[in-house]
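Note that the structure is a prediction, hence the values are computed from the model and not measured.
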Amino acid sequence: MPLQKVRFVDDVPEVFRSSLQDIRRELDVPAEFPPDVVAAALKAGTAPQSPALDRTDLEFVTIDPPDSMDLDQALHIERAGDGYVVHYAIADVAAFVQYGDPIDGETRRRGVTLYAPDKRTPLHPPELSEGAASLLPDQVRPALLWTVPLNARGESTGVTCERALVKSRAKLNYAGVQKDLDAGTASESLQLLREVGKLREQLELERGGVNLPIPDQEVVTSDDGWSLEFRAPLPVEGWNAQISLLTGMAAADLMVKGKIGILRTLPEARNDLRNKLGHTAKALGIDWPHETTYAEFIHGLDPTVPAHAAMLAACTVLFRGAGYVTFAGSVPEHPQHAAMRAEYAHVTAPLRRLIDRWAGEICLALSAGTEVPAWVRESMDELPKIMEEADRRANAYERAIVGMVEAGLLHDQLGAEFDGVITDVDNREPNRGIVVLSAHAVEGRVSGTANLPLGKAVRVKLVEADIVKRSVTFELIP
């Protein structure tokens, strides 16, 4: 699950620019691509492996943020009797990148695409990720074509994955699609996206699954300075995400039945996390009855309400401990992703996530009833460690950026007093812990002269808001 992201609506304020550079140096965020990698990407872009199957007849579209050019996924949905057929085209990175070539080596070092308010650090050279391999409109591209028939309830009744040529008809954005859907002017395929998306959300709730509609934090500048606001995801973003989740679960089903694959796994959340999140909910004024489950509580949150948006951001703690497990010959003892209440695999973002290239190749072979390529079998056990390091850096990057912005929000308010709730207490030093502010939905360290009252409303004084250190610290007011 993604962490919340910080987005600047206007230019990045100068006060943050040097700090962003410091963060990149500290975390060893890759800079430009080496010349040999760029040269390999330019060459690969001119002569990709081309599949025999031509499905350019399908009227695919992509739906992404307006400024995105690394387009992994294109969508087309049609009716089939009282059910549906979902066609999902995924960029075929393996048509351009060969195992062991310079691009492959560099992507192993990077692992994932990294995002910051001022720049994107891509997994693949832009010559591929924003050019030859991207599912740009009106361009014929090699893709992994997933075909998933659904019954009237939105349940999958089968899956095929095959290489095909596809052509996107339009590069759409979420706001535009939502506007067309609300106005009743969207295409039939997009209207079916809403229909299928809602069915899949209901199935998710029925099985106790959780998919967090993580709000972005937007930095908005004005004549009075700048402020930090939450941007709630649009409904179409959730429906679109359900198609990706559907595909990932279909991929996992292929892998489990074929007894070879790479699953995304998550253990059950610890009970103490429920307690911590309960304190956060209290700080934000949100009722969470004891008998209400995680899934019921999260499905009941409205990301358009600022306090609920802050709660959803806090709930990302439930997804800590996610990892990858590879297997061949027998299925792992614990194959499920606990948040989804299902087996799940990452296959839908190969331009931005390394492991999807391997998972896609496995699914192509299993769907066709052929042998998984030798290079995949021989190298896939290396991937969990590579992705663990990549995810660690990505998470640290996001946390540092959020900390920087929160410190920036408060840095001119030293000595000010705020209401909040203690959400966590250090087991070794019970006079130290974490406080969540009620008004700003900012989290910071807090200390007191006595044991902190866990879960209690408190008054605190701001004693530090350091943009360079990305830290916010309070003192408890007795």
Apply the test side chain to side chain contact (heavy atoms under 4.5 Å, CB included) to residues Tyr324 and Met380: give CA-CA distance (whole Å), side-chain angles for both, the deciding distance (0.1 Å), then the verdict. CA-CA 11 Å; Tyr324 295 94; Met380 69 180 190; over 6 Å; no
In sequence, state the C-alpha distance, the side-chain angles, and the governing distance for Ile77 and Val86, and then conclude on side chain to side chain contact (heavy atoms under 4.5 Å, CB included). CA-CA 5 Å; Ile77 305 177; Val86 173; 4.3 Å; yes
Can you check side chain to side chain contact (heavy atoms under 4.5 Å, CB included) on Trp239 and Gln178, steps first, answer last? CA-CA 11 Å; Trp239 304 328; Gln178 188 68 57; 4.3 Å; yes
Candidate pair Leu354 and Arg110, rule side chain to side chain contact (heavy atoms under 4.5 Å, CB included), full reasoning: CA-CA 8 Å; Leu354 178 69; Arg110 294 177 178 237; over 6 Å; no
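Every residue two or more places apart in sequence or in another chain that forms a side chain to side chain contact (heavy atoms under 4.5 Å, CB included) with Thr157 is listed here: Pro149, Asn151. By the ring pair (Phe, Tyr, Trp, His ring centres under 6.0 Å) test, Tyr84 is found to be paired with no residue, residues two or more places apart in sequence or in another chain being considered. With sequence neighbours left out, Thr46 forms a side chain to side chain contact (heavy atoms under 4.5 Å, CB included) with no residue at all. Applying the salt bridge (Lys or Arg N to Asp or Glu O under 4.0 Å) rule to Glu127 yields no partners; only residues at least two apart in sequence or on another chain are considered. Partners of Glu78 under the salt bridge (Lys or Arg N to Asp or Glu O under 4.0 Å) rule, at least two apart in sequence or in another chain, do not exist in this structure. A search for side chain to side chain contact (heavy atoms under 4.5 Å, CB included) contacts involving Thr265 returns Leu263, Val325, not counting sequence neighbours. Considering only residues two or more places apart in sequence or on other chains, Glu371 meets the side chain to side chain contact (heavy atoms under 4.5 Å, CB included) condition with Arg377.
Summarising the geometry of Gln98 relative to Asp104, their closest heavy-atom pair is O-CB, 3.4 Å, with the distance given to 0.1 Å. Between Ala89 and Leu135, the shortest heavy-atom contact is O-CD1, 3.5 Å. Nearest heavy atom pair, residue Pro335 against residue Glu343, reads CG-OE2, 3.6 Å. Here the closest non-hydrogen pair linking Ser129 and Leu351 is O-CD1, 3.8 Å. When every heavy atom of Leu165 is checked against every heavy atom of Ser50, the shortest pair comes out as CD2-OG, 3.8 Å. Taking every heavy atom of both residues into account, Leu181 and Ala186 meet most closely at CD2-CB, 3.6 Å.
Inspection of the Gln202 and Glu206 side chains reveals an N or O donor paired with an N or O acceptor under 3.5 Å.
Counting only heavy atoms from C-beta outward, the side chains of His299 and Glu204 approach each other to under 4.5 Å. Taking the side chain as every heavy atom from C-beta outward, Ile286 and Leu301 approach each other to under 4.5 Å. Contact check for Met387 versus His346: no side-chain heavy atoms found under the 4.5 Å cut-off. A heavy-atom distance below 4.5 Å is found between the side chains of Leu266 and His337. Using a 4.5 Å heavy-atom threshold, the side chains of Val159 and Ser367 count as separate. Residues Thr113 and Arg120 have side chains in contact (heavy-atom distance under 4.5 Å, counting atoms from C-beta outward). Side-chain contact between Leu172 and Asp180 is absent, with no heavy atoms from C-beta onward closer than 4.5 Å. Side-chain contact between Tyr99 and Ser379: present, with at least one pair of heavy atoms (C-beta onward) separated by less than 4.5 Å.
Comment: Arg163 engages Glu361 in a salt bridge, judged by a side-chain N to carboxylate O separation of less than 4.0 angstrom. Between Lys198 and Glu201, none of the side-chain N atoms (NZ, or NE/NH1/NH2) sits under 4.0 Å from a carboxylate O, so this pair counts as no salt bridge. Ion pairing between Asp118 and Arg17 fails under the 4.0 Å rule for side-chain N and carboxylate O. Look at Glu26 and Arg393 and you find no salt bridge, because none of the NZ, NE, NH1 or NH2 atoms lies under 4.0 Å from a carboxylate O.
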Listed pairs under 3.5 Å, donor-acceptor, residues 244-257 side chains, sequence neighbours left out:
| from | atom 1 | to | atom 2 | distance (Å) |
| --- | --- | --- | --- | --- |
| Ser244 | OG | Thr348 | OG1 | 2.8 |
| Thr247 | OG1 | Ile243 | O | 2.9 |
| Asp253 | OD2 | Lys257 | NZ | 3.1 |

Just distance, no hydrogens or angles: give the donor-acceptor pairs under 3.5 Å from side chains in residues 33-45, sequence neighbours left out.
none

Can you give the donor-acceptor pairs under 3.5 Å from side chains of residues 57-68 to other protein atoms, not counting sequence neighbours?
| from | atom 1 | to | atom 2 | distance (Å) |
| --- | --- | --- | --- | --- |
| Asp57 | OD1 | Arg55 | NE | 3.0 |
| Asp57 | OD2 | Arg55 | NH2 | 3.0 |

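Applying the ring-ring contact (aromatic ring centres under 6.0 Å, His included) test to every pair with at least one member in residues 129-156, sequence neighbours left out, gives no pairs at all. Applying the side-chain hydrogen bond (donor to acceptor under 3.5 Å, both in side chains) test to residues at least two apart or on different chains, the pairs with a partner in residues 164-176 are Tyr174-Asn240.
Counted within 6.0 Å of NZ on Lys119, heavy atoms from surrounding residues, nucleotides or ligands total more than 12; the atom is thus considered enclosed.
The distance from the CG atom of Asp138 to the CG atom of Leu136 is 9.5 Å, given to the nearest 0.5 Å.
Checked against Asp391 for a salt bridge (charged side-chain N to carboxylate O under 4.0 Å, His left out), the options Lys385, Arg264, Arg353 give a single hit: Arg264.
When atom types are taken as modelled, the side chain of Ser134 and the backbone of Met69 share a donor-acceptor pair closer than 3.5 angstrom.
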